[in-house]
Peer 1: 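There's a structure below that I have some questions on.
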Amino acid sequence: MTSNRPVQVFDTALNASRQIAKDVAQIIRQKNQSGEFCVLGLATGSTPKSFYAELVRMHREEDLSFNKVITFNLDEYYPMQPQAVRSYHRFMHEHLFDHIDIPKDQVHIPDGMLTEDEIIHYCIEYEKKIADSGGLDLQILGIGRTGHIGFNEPGSGRKSKTRLISLDRITKLDAASDFNGAEYVPNRAITMGVGTILKAKKIILMAWGEGKSEIIKKSLEGPVTDQIPATFLQNHPNTDVFLDEAAASDLIAYATPWLTQSVEWTPKMVKKAVIWLCYKTQKPILKLTENDYSENGLESLLSAHNGAYAINLDIFNKIQRTITGWPGGKPEVDDFHRPERSNPMPKRSLIFSPHPDDDVISMGGTFKRLVDQGHEVHVAYQTSGNIAVFDDYVVQLIDLFDEINHSKGILDNDLSKLVKLALDKSDLDQMDDELLRNLKGLIRKVEAKAACRFVGVPVDRIHFMKLPFYETGTIKKNPLGPEDVALTVALLNEIKPHQIFAAGDLSDPHGTHRVCLEAITQALAQCSKQEWFKSCYVWLYRGAWQEWPIEAIDMAVPLSPAEVFSKRKAIFKHQSQKDAPVFPGPDNREFWQRAEERNAHTAELYDRLGLPEYQAIEAFQRLLIATE
């Protein structure tokens, strides 16, 4: 089944969020002009954050008033104190309600502190309040990996109403990063029902990132079923879907548009189609025939070019030329078709790493290759990574300090006693003591130094930026600020790199990679008039959370079995992240396991296209920076 829901796809989640905010503002103003209240159903989580930020901006700068707006939130964990760090009550006030002119009595958020005896009556009254307000004019929705809308997990019926519900295992795993472990995620939540949501006059569903692409495809193009509650939106008469390109990537219209519509055969589209055809027919590029193209919906591609042979040869050459064992450029060779330039040699290479281990996880093989080939490699760790250290690991180290101090009798134990006191937190919402944060940051710092020593980078080329946006002591981070960008500009102008490597996998649970990349792109835009900028290439790596699709790869660095093992050893220098990552996201494997699987899979995909067979490949996409 293919949904006829209007789907709007944007280049970034931010641009999509701005458009949603404009649409919502128009509804509010139209209702205000007619003297009516506007009744909004609101969602929580990371997905609508930029949307709420834009509403706040419009209130401050464009006189958007919420004085005649009534809101009903979708859900709340149960049990949950309203002021707890992870409560949706607190989330809504921090991101929206505390910054706009909405009267307090017009805000409704499910109460997570009810007794169980009170819940049934409370839920009936919640439904009644929505009805008495005139019903929902607009419901904002995100979507979970189970296809839940609100907290309506698989099995939720089309006519279900507001109620207490048990959370699915996958939902709890996805929330684990916010709660420092799945075992601390509440087992239940109060949620509006599917039937409640579907009564809204208009619904907006939003989703961002590759992690949502699979469930978006099932929800919009699959059969309607209570096992994926979001599929019920297919039958709603007024639902709009807003996606970024990554979330839309599995939809037929975006993954294989040539199957449903006429397309413009740009070089990018041709490459994508040929790769798709290879995997569908299980043939390498150079064995594709005219019949393969015509029998799989690609007649128009044949017509637009000079037959299968010409197409095959062109795409084979383009993909083959992405492969290089010289990520800093090979000296004294014709570099016209190579990803990197021959000159200058050696280059100043700057690797930005959002956390203190992203460099070796995502490009450890390339990192060492650059050093071994004589380039001046600098590493910039953008954040301290201090929240990603288990408390018990700190205690273990402190015990070691204690034993050393006691055996030598030359140091007192004040430091260890103070840190142990800081570790004795009364609840999960308590912020780490500053001393504890600093110690955790030092742990990550010395691990990063150990990995750099293993690779061969001298200490004077290691830069610990400690960007301010990250240093809150809690999972929630501040927005990117001018100081973050200024620190990045200063480092760039100090090093004057010929090539930059930065994290392009934007699906980490807390968005740190996304903010770090934004700091780099803003800084580079400010540096665009500098002489060094004119000859600087920027390469984006992935690996910890996702990998580039083959058609998006501009440079592929093959790794031998020995290099794969060496990369693993570099990752192992980050002992605080071994065995069980603090924030694993939906993938519970250790980071070295994820990286090796992704690198091996990329090599396998190249092999299936008829390219040389390698043990592993690290992939990069070139980023072109928009200048001021």
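In what follows, every heavy atom counts, from backbone to side chain, and hydrogens, waters and symmetry copies are set aside.
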Peer 1: Examine the side chains of Glu127 and Thr162 and answer whether a donor and an acceptor come within less than 3.5 Å of each other.
Peer 2: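 Distance-only check passes for Glu127 and Thr162.
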Peer 1: Please test Glu125 against Lys129 for salt bridge (charged side-chain N to carboxylate O under 4.0 Å, His left out), starting from the C-alpha separation and ending with a verdict.
Peer 2: CA-CA 6 Å; Glu125 286 299 307; Lys129 286 179 182 178; over 6 Å; no
Peer 1: Would you indicate whether the side-chain heavy atoms of Thr488 and Leu467 approach each other to under 4.5 Å?
Peer 2: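 Yes, close enough: below the 4.5 Å cut-off.
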Peer 1: State whether the side chain of Arg90 and the backbone N or O of Gln83 hold a donor-acceptor pair below 3.5 Å, judged by distance alone.
Peer 2: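 Pair found, side chain donor or acceptor close to backbone of Gln83.
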Peer 1: Between the side chain of Gln106 and the main-chain N/O of Pro103, is any donor-acceptor distance below 3.5 Å?
Peer 2: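 Checked: no pair found.
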Peer 1: Begin from the C-alpha positions of His148 and Asp168 and carry the test side chain to side chain donor-acceptor pair (under 3.5 Å) through to its verdict.
Peer 2: CA-CA 9 Å; His148 69 237; Asp168 186 272; over 6 Å; no
Peer 1: For a quick check under 3.5 Å, do Ser362 and Arg598 share a side-chain donor-acceptor pair by atom type?
Peer 2: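 No.
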Peer 1: Can you find a side-chain donor-acceptor pair between Gln522 and Gln526 that sits under 3.5 Å?
Peer 2: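 No donor-acceptor contact under 3.5 Å links the two side chains.
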Peer 1: Evaluate the criterion side-chain contact (heavy atoms from CB on, under 4.5 Å) for residue pair Tyr293 and Glu299; output intermediate values, then yes/no.
Peer 2: CA-CA 6 Å; Tyr293 282 86; Glu299 300 94 336; over 6 Å; no
Peer 1: State which residue, out of Ile140, Ile27, Thr239, fulfils the side chain to side chain contact (heavy atoms under 4.5 Å, CB included) condition with Lys202.
Peer 2: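 Filter result, single survivor: Ile27.
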Peer 1: Establish, from distance only, whether the side-chain atoms of Asn73 and His108 form a donor-acceptor pair under 3.5 Å.
Peer 2: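 The answer is no; no qualifying pair exists.
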Peer 1: Is there a side-chain contact between Thr171 and Phe151, using heavy atoms and a 4.5 Å cut-off?
Peer 2: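 Yes, their side chains come closer than 4.5 Å.
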Peer 1: Any sub-3.5 Å donor-acceptor pair from Arg594's side-chain atoms to Arg589's backbone N or O?
Peer 2: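 Yes; judged by distance alone, with no hydrogens or angles, the pair exists.
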Peer 1: So Ile149 and Met192, do their side chains get closer than 4.5 Å, heavy atoms only?
Peer 2: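 They are not in contact (no side-chain heavy atoms under 4.5 Å apart), so the answer is no.
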Peer 1: With sequence neighbours left out, what residues match Arg169 under salt bridge (Lys or Arg N to Asp or Glu O under 4.0 Å)?
Peer 2: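 For Arg169 there are no salt bridge (Lys or Arg N to Asp or Glu O under 4.0 Å) partners, ignoring immediate neighbours.
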Peer 1: List the steps and the verdict of side-chain contact (heavy atoms from CB on, under 4.5 Å) for Phe72 and Val39.
Peer 2: CA-CA 8 Å; Phe72 290 90; Val39 185; 3.9 Å; yes
Peer 1: Between Thr383 and His355, do the side chains contain a donor N or O and an acceptor N or O under 3.5 Å apart?
Peer 2: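 Note: His355 and Thr383 side chains miss the donor-acceptor criterion.
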Peer 1: For His93, enumerate each residue passing the side-chain contact (heavy atoms from CB on, under 4.5 Å) test, keeping only those at least two apart in sequence or located in another chain.
Peer 2: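 Only His89, Phe97, Asp98, Ile109 meet the side-chain contact (heavy atoms from CB on, under 4.5 Å) criterion with His93.
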Peer 1: Just by distance, do the side chain of Ser219 and the backbone of Ile216 share a donor-acceptor pair under 3.5 Å?
Peer 2: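 Here the side-chain-to-backbone pair does not exist.
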Peer 1: Applying salt bridge (Lys or Arg N to Asp or Glu O under 4.0 Å), name anything that partners Glu36, two or more places apart in sequence or on another chain.
Peer 2: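 Salt bridge (Lys or Arg N to Asp or Glu O under 4.0 Å) list for Glu36, sorted by chain: Lys31.
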Peer 1: Can you find a heavy atom in the side chain of Ile102 that is under 4.5 Å from one in the side chain of Asn67?
Peer 2: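 Side-chain contact under 4.5 Å: no.
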Peer 1: Taking salt bridge (Lys or Arg N to Asp or Glu O under 4.0 Å) as the definition, give me every residue that meets it alongside Glu214, ordered by chain and number, with sequence neighbours left out.
Peer 2: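 With neighbours one apart ignored, the set is Lys218.
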Peer 1: Could you tell me whether the side chain of Leu480 reaches within less than 4.5 Å of the side chain of Val485, counting heavy atoms only?
Peer 2: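 In contact.
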Peer 1: Tell me yes or no: between the side chains of Glu54 and Ser17, is some donor less than 3.5 Å from an acceptor?
Peer 2: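 There is no such pair between these side chains.
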Peer 1: To the nearest 0.5 Å, tell me how far Thr512 OG1 sits from Arg514 CZ.
Peer 2: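 Interatomic distance, Thr512 OG1 to Arg514 CZ, rounded to 0.5 Å: 11.0 Å.
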Peer 1: Is there a side-chain contact (heavy atoms from CB on, under 4.5 Å) between Ile204 and Gln139? Walk through the geometry before answering.
Peer 2: CA-CA 6 Å; Ile204 289 178; Gln139 176 65 60; over 6 Å; no
Peer 1: Just by distance, no angles: are the side chains of Asp23 and Gln19 close enough, under 3.5 Å, to form a donor-acceptor pair?
Peer 2: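 Distance-only check passes for Asp23 and Gln19.
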Peer 1: Any side-chain heavy-atom pair from Asp111 and Ile190 closer than 4.5 angstrom?
Peer 2: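 Heavy-atom side-chain distance check fails, nothing below 4.5 Å.
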Peer 1: Looking only at side chains, do Arg163 and Asn152 share a donor and an acceptor under 3.5 Å apart?
Peer 2: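 A pair is found: one side chain offers a donor N or O, the other an acceptor, under 3.5 Å apart.
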Peer 1: Taking atom types as modelled, is there a side-chain donor on Thr231 or Gln234 under 3.5 Å from an acceptor on the other?
Peer 2: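 Per modelled atom types, Thr231 and Gln234 side chains form no pair under 3.5 Å.
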Peer 1: Does Gln621 use its side chain to pair, donor to acceptor, with the backbone of Ala552 at less than 3.5 Å?
Peer 2: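 Between the backbone of Ala552 and the side chain of Gln621 there is a qualifying donor-acceptor contact (under 3.5 Å).
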Peer 1: Determine, step by step, whether Ser65 and His59 satisfy the side chain to side chain donor-acceptor pair (under 3.5 Å) criterion, reporting the C-alpha distance in whole Å, the side-chain angles of both residues, the deciding distance to 0.1 Å, and the verdict.
Peer 2: CA-CA 6 Å; Ser65 175; His59 168 68; 5.9 Å; no
Peer 1: Indicate yes or no for a side-chain donor-acceptor contact from Glu76 to the backbone of Tyr88 under 3.5 Å, with no hydrogens or angles considered.
Peer 2: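 Yes: the side chain of Glu76 pairs with the backbone of Tyr88.
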Peer 1: side-chain contact (heavy atoms from CB on, under 4.5 Å), that's the test. Do Leu277 and Val274 meet it? Break it down for me.
Peer 2: CA-CA 5 Å; Leu277 184 60; Val274 172; 5.6 Å; no
Peer 1: Got a donor-acceptor contact below 3.5 angstrom from the Asp244 side chain to the Trp208 backbone?
Peer 2: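 It does not hold such a pair.
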Peer 1: For Glu210 and Arg542: C-alpha separation, side-chain torsions, deciding distance, then whether salt bridge (charged side-chain N to carboxylate O under 4.0 Å, His left out) applies.
Peer 2: CA-CA 12 Å; Glu210 286 88 348; Arg542 288 183 172 182; 3.1 Å; yes
Peer 1: Does the side chain of Ser166 pick up a donor-acceptor pair with the side chain of Glu153 at under 3.5 Å?
Peer 2: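 Result is no, nothing qualifies.
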Peer 1: Do the side-chain N and O atoms of Thr12 and Asn15 include a donor-acceptor pair separated by under 3.5 angstrom?
Peer 2: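 Yes, Asn15 and Thr12 have a side-chain donor paired with an acceptor closer than 3.5 Å.
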Peer 1: To the nearest 0.5 angstrom, please state how far the CZ atom of Phe51 sits from the CG atom of Leu14.
Peer 2: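 Here the interatomic distance stands at 13.5 Å.
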Peer 1: Is the shortest heavy-atom distance from the side chain of Ile28 to the side chain of Val69 under 4.5 Å?
Peer 2: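 Of all side-chain heavy-atom pairs linking Val69 with Ile28, at least one is under 4.5 Å.
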Peer 1: Nearest 0.5 Å please: distance from the CG atom of Leu198 over to the CD1 atom of Ile203.
Peer 2: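 Taking CG in Leu198 and CD1 in Ile203, the distance rounds to 5.5 Å.
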Peer 1: Counting distance only, does the side-chain N/O of Tyr122 pair as donor-acceptor with the main-chain N or O of Thr115 below 3.5 Å?
Peer 2: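 Judged by distance alone, no pair lies under 3.5 Å.
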Peer 1: For residues 260-271, pull every pair meeting side-chain hydrogen bond (donor to acceptor under 3.5 Å, both in side chains), keeping only residues two or more places apart or in separate chains.
Peer 2: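 The answer is Trp265-Ser300.
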Peer 1: Applying salt bridge (Lys or Arg N to Asp or Glu O under 4.0 Å), name anything that partners Lys280, two or more places apart in sequence or on another chain.
Peer 2: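 By the salt bridge (Lys or Arg N to Asp or Glu O under 4.0 Å) rule, Lys280 matches no residue at all.
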Peer 1: Would a distance-only check, ignoring hydrogens and angles, find a side-chain to backbone donor-acceptor pair under 3.5 Å from Ser528 to Leu524?
Peer 2: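 Absent.
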Peer 1: At what distance, to the nearest 0.5 angstrom, does CG of Leu301 lie from CG of Asn296?
Peer 2: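 One finds 12.0 Å between CG of Leu301 and CG of Asn296.
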Peer 1: Any donor-acceptor pair under 3.5 Å linking the side chain of Tyr254 with the backbone of Glu245?
Peer 2: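 Not a single qualifying donor-acceptor pair exists.
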Peer 1: Phe91 vs His95 aromatic rings, parallel, tilted or perpendicular, using cut-offs 30° and 60°?
Peer 2: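 Correct class here is tilted.
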Peer 1: Under a 4.5 Å cut-off applied to non-hydrogen side-chain atoms, are Thr602 and Ile550 in contact?
Peer 2: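 Yes - at least one pair of side-chain heavy atoms lies under 4.5 Å apart.
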